[in-house]
Amino acid sequence: MQTTAYVETLDREGVLLAAAAEAAGGGAEVPTCPAWRIRDLLRHTGMVHRWATAFVAEGHTGPLPGGPLPHLDGAPLLAWFREGHGRLVDTLADAAPDVRCWHFLPAPSPLAFWARRQAHETTVHRLDAESAAGGVPTGIGADFAVDGIDELLCAFHTRPKSAVRTDGRRTLRVRATDVPDAVWTVRLSAQPPVTERDGTGGADCEVTGPAAGLYPALWNRRAFPTVRGDASLAALWRERSGVTWR
């Protein structure tokens, strides 16, 4: 995907998130994040948006701590969220393609990284907000879902901090049934996972389904559509793959 497409997705997803949060109300429980209520979701995502904006807008070349969470609720919190989301969208849309700043996953450029990361960050949390509001969640395009699976499997969980480990060598395969060649082989061991965009060879467990179903499942927002083989590996993923702020 192009950076402009990520920014457009970020724009749309933030609007949907705010609308779902407003419909649910600040005190609503978030089923996909049981420790949170909607006000916690808005505070967290709004803080992350401002954090990301600072790197691109101010050119920071090293990591920064996240900012404080606001003591806001109700309409003022929604307004705060919308303001920060809009500023992030504008910052990414207006940034020079060669802007230099810190980023924490491999990417063609810092701008490409931040546009991609924030598009997926906001989409996952939009799903959270919609889970609190109830009803049918807004759909996710298959190509965008495949991109998000790639980011999670080939970037997030190749880092030393990934907790998805096994005592012996095991193999988990992830296969999108609606996108040709969208298949990943995740090799598990006592070391960080190693993922290949490849479907050859055997696998101890294979999780399959439409890309738009696998995407939230791999982010632990819903169950895997289909699990074949050793289901304990799918359970291991759900238990240990969470990506946290710290």
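What you are looking at is a predicted structure, and each value in this text was computed from that prediction instead of being measured.
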Mind running side-chain hydrogen bond (donor to acceptor under 3.5 Å, both in side chains) on T208 and R228 for me, showing each step along the way?
CA-CA 8 Å; T208 65; R228 296 187 177 90; 3.1 Å; yes

List the steps, then state whether side chain to side chain contact (heavy atoms under 4.5 Å, CB included) holds for T123 with Q118.
CA-CA 8 Å; T123 299; Q118 291 308 301; over 6 Å; no

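- T158 places a side-chain N or O within 3.5 Å of a backbone atom of A155 that can act as its donor or acceptor partner.
- No side-chain donor-acceptor contact under 3.5 Å links R238 to the backbone of A234.
- Hydrophobic clustering (ILVMFWY, side-chain heavy atoms < 4.5 Å, transitive): W237 and V194 are in distinct clusters.
- In this structure, L77 CG and L42 CG are separated by 4.5 Å, a value rounded to the nearest 0.5 Å.
- Between W102 and W51, the ring planes are perpendicular. Angles over 60° get that label, and only those under 30° would be called parallel.
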Candidate pair E13 and H125, rule side chain to side chain contact (heavy atoms under 4.5 Å, CB included), full reasoning:
CA-CA 9 Å; E13 293 292 331; H125 287 318; over 6 Å; no

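- Contact annotation: the side chain of W114 never approaches that of T53 to less than 4.5 Å [non-hydrogen atoms, C-beta and beyond].
- Residues Y215 and L16 do not share a hydrophobic cluster, clusters being chains of Ile/Leu/Val/Met/Phe/Trp/Tyr side chains in contact below 4.5 Å.
- Residue-environment remark: CZ (R159) exceeds the threshold of 12 foreign heavy atoms within 6.0 Å.
- Inter-residue side-chain proximity for H120 and E151 is flagged as met; some heavy-atom pair is nearer than 4.5 Å.
- Residues P225 and A217 approach most closely at CD-CB, 4.4 Å, considering heavy atoms.
- The backbone N or O of T138 sits less than 3.5 Å from a side-chain atom of R126, completing a donor-acceptor pair.
- The distance from the CD1 atom of I149 to the CH2 atom of W219 is 11.5 Å, given to the nearest 0.5 Å.
- F156 is connected to V186 through a chain of hydrophobic side-chain contacts under 4.5 Å among Ile, Leu, Val, Met, Phe, Trp and Tyr, so both are in one cluster.
- Side chain of T166 to main chain of S189: a donor-acceptor pair is present (N/O by atom type, distance under 3.5 Å, no hydrogens or angles).
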Salt bridge (Lys or Arg N to Asp or Glu O under 4.0 Å), that's the test. Do E121 and R116 meet it? Break it down for me.
CA-CA 9 Å; E121 174 85 7; R116 181 194 203 195; over 6 Å; no

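- No donor-acceptor distance shorter than 3.5 angstrom exists from the side chain of R39 to the backbone of W36, with no hydrogens or angles considered.
- Checking side-chain atoms of T91 against main-chain N and O of A57 turns up no donor-acceptor pair under 3.5 Å.
- When all heavy atoms of G25 and I38 are compared, the pair lying nearest together is O-CB, 3.3 Å.
- Side chains of S109 and D98: no donor on one and acceptor on the other come within 3.5 Å.
- Aromatic ring orientation, H60 versus F55: perpendicular (interplanar angle above 60°, classes split at 30° and 60°).
- Atom CG in L214 sits 11.5 Å away from atom CG in L152 (nearest 0.5 Å).
- Nearest heavy atoms, T122 versus L17: O-CD1, 3.9 Å.
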Side chain to side chain contact (heavy atoms under 4.5 Å, CB included) between V174 and V183, worked out:
CA-CA 6 Å; V174 177; V183 55; over 6 Å; no

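- When atom types are taken as modelled, the side chain of R43 and the backbone of L72 share a donor-acceptor pair closer than 3.5 angstrom.
- Within a 6.0 Å sphere centred on CD of Q2, heavy atoms belonging to other residues, nucleotides or ligands number 12 at most.
- A heavy-atom distance below 4.5 Å is not found between the side chains of R82 and H85.
- At a threshold of 4.0 Å, the pair R173-E196 does not count as salt-bridged, since none of the basic side-chain nitrogens sits closer than that to a carboxylate oxygen.
- Under 4.0 Å is where a charged nitrogen must lie from a carboxylate oxygen, and between E83 and R87 at least one such pair does.
- Considering only residues two or more places apart in sequence or on other chains, D11 meets the side-chain hydrogen bond (donor to acceptor under 3.5 Å, both in side chains) condition with none of them.
- Put simply, CZ on R222 and CG on N220 are 12.5 Å apart, with the number rounded to the nearest 0.5 Å.
- Expressed to the nearest 0.5 Å, how far CG of L236 lies from CG of L188 amounts to 7.0 Å.
- Annotation: side chain of S232 is not in contact with side chain of E239 (no heavy-atom distance under 4.5 Å).
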Go through W80 and H49 one step at a time and tell me if the ring-ring contact (aromatic ring centres under 6.0 Å, His included) criterion holds.
CA-CA 11 Å; W80 177 85; H49 285 170; 9.2 Å; no

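- Residues P110 and R100 meet the side-chain proximity criterion, which asks for heavy atoms closer than 4.5 Å.
- Annotation: ring pair (Phe, Tyr, Trp, His ring centres under 6.0 Å) contacts involving residues 163-195, sequence neighbours excluded, are absent.
- When side chains are defined from C-beta on, T171 does not count as touching L233, because their heavy atoms never get closer than 4.5 Å.
- Closest non-hydrogen pair, S241 versus H157, comes out as O-NE2, 3.0 Å.
- In this structure, T177 and P210 approach most closely via the heavy-atom pair OG1-N, 3.3 Å.
- Although no hydrogens or angles enter the test, the distance criterion places a donor-acceptor pair under 3.5 Å between the side chain of D40 and the main chain of R37.
- Residues L92 and V15 do not share a hydrophobic cluster, clusters being chains of Ile/Leu/Val/Met/Phe/Trp/Tyr side chains in contact below 4.5 Å.
- Salt bridge E130/R221: absent, no basic N to carboxylate O contact under 4.0 Å.
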Under the criterion side chain to side chain contact (heavy atoms under 4.5 Å, CB included), I'd like the reasoning laid out for C33 against L41: C-alpha separation, chi angles, the key distance, then a yes or no.
CA-CA 9 Å; C33 296; L41 175 66; 5.8 Å; no

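- For the side-chain hydrogen bond (donor to acceptor under 3.5 Å, both in side chains) test, residues two or more places apart in sequence or in another chain that qualify with S131 are T32.
- A salt bridge is defined here as a Lys NZ or Arg NE, NH1 or NH2 lying under 4.0 Å from an Asp or Glu carboxylate O, and D181 with R197 fails to meet this definition.
- In terms of heavy-atom proximity, R165 sits nearest to R240 at O-NH1, 3.0 Å.
- Panel note: side chain D178, backbone A211; a donor-acceptor pair is recorded below 3.5 Å.
- In this structure, the side chains of L172 and D204 stay at 4.5 Å or more apart for every pair of heavy atoms.
- Counting only heavy atoms from C-beta outward, the side chains of V56 and L88 never approach each other to under 4.5 Å.
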